[in-house]
Amino acid sequence: MRRRPTGTGVAPRHLAGWLFADLFLVLFLVVLGMVASDGTDKASGTDRTPKPSASPSAASPSPSRTAKGPLGLDPKRHTFTVSLSSGATGRASGRGSLNAVDRKKVVAALDREIRRSGDERRIGMVITFGVAPQAQLGAATDLAEDVNRILKSERPQAFCGGNVGTRPFWSGGSADRVEIELYYINACEGQG
């Protein structure tokens, strides 16, 4: 049996640097997991956030969260479709306005969706798809843009200020309808 000569191999002091690097990586991942946590235990569905106490310091909300979630735009979209009168896609492309019946349909659909899903929040972004065959792509986009203008002019109080993003798009399908996606904002200055 041969003996290993002393002084050969890897010295433990050379491994110490790798050990600290590995420990730092584990610590980094633990901290990253704590920061990314939203305070709920997804597996059990329980809330792990501390309950508010009666002390005055606990009365003010956290600057990064509201009662409805983290500050900013809620990533959950709320979609609804509005069927318009025959020829609505073509009418919007020329003059840029829908008839009174279609305007009322769009505003009523918005009001229904806000009552259903708004939870006393304001709208932070609207994406509207004018639905039409590809041959009417431009007219459908004009229809979507017109619907966005109608929503902002008829229900300005539903939006979080005047700089709310509205985007018109085209979607393939049978003409004369729009699909509207709403994104709420969890905290809007002046909302109260």
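Values in this document were obtained by computation on a predicted structure and should not be read as measured data. Below, all heavy atoms of this structure are taken into account, side chains as well, without hydrogens, waters or symmetry copies.
- At a threshold of 4.5 Å between non-hydrogen side-chain atoms, the residues Leu84 and Asn99 do not count as touching.
- Nearest heavy-atom pair across Trp170 and Pro133 is NE1-O, 3.6 Å.
- Taken to the nearest 0.5 Å, the CZ atom of Arg167 stands 8.0 Å off from the CE atom of Met125.
- Ala175 and Thr89 get closest at one heavy-atom pair: CB-OG1, 3.8 Å.
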Q: Could you please spell out the steps behind the side-chain contact (heavy atoms from CB on, under 4.5 Å) verdict for Val82 and Leu110?
A: CA-CA 9 Å; Val82 182; Leu110 175 69; over 6 Å; no
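- Under the 4.5 Å side-chain contact rule for hydrophobic residues, Val178 and Val131 do not share a cluster.
- Looking only at side-chain heavy atoms (C-beta outward), Ser153 and Arg103 come within less than 4.5 Å of each other.
- For the atom pair CG of Leu143 and CG of Asp176, the computed distance is 8.0 Å after rounding to the nearest 0.5 Å.
- Closest non-hydrogen pair, Cys188 versus Ile185, comes out as CB-CG2, 4.0 Å.
- Closest heavy-atom contact between Pro168 and Asn148: N-ND2, 3.7 Å.
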Q. Can you list the steps and then say if Tyr183 with Ile123 is a side-chain contact (heavy atoms from CB on, under 4.5 Å)?
A. CA-CA 6 Å; Tyr183 294 85; Ile123 298 169; over 6 Å; no
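- Between atom CD1 of residue Ile127 and atom CD1 of residue Ile180 there is a gap of 11.5 Å, rounded to the nearest 0.5 Å.
- The two residues Asp146 and Leu98 have their closest heavy-atom pair at OD2-N, 3.0 Å.
- With values rounded to the nearest 0.5 angstrom, Lys152 atom NZ is found 5.0 Å from Thr166 atom OG1.
- The minimum heavy-atom distance linking Pro156 with Glu154 is given by the pair CD-C, 3.4 Å.
- Distance CD1/Ile114 to CZ/Arg122: 10.5 Å, rounded to 0.5 Å.
- Gln136 contributes atom CD, which lies 10.5 Å from atom OG of Ser174 (distance to the nearest 0.5 angstrom).
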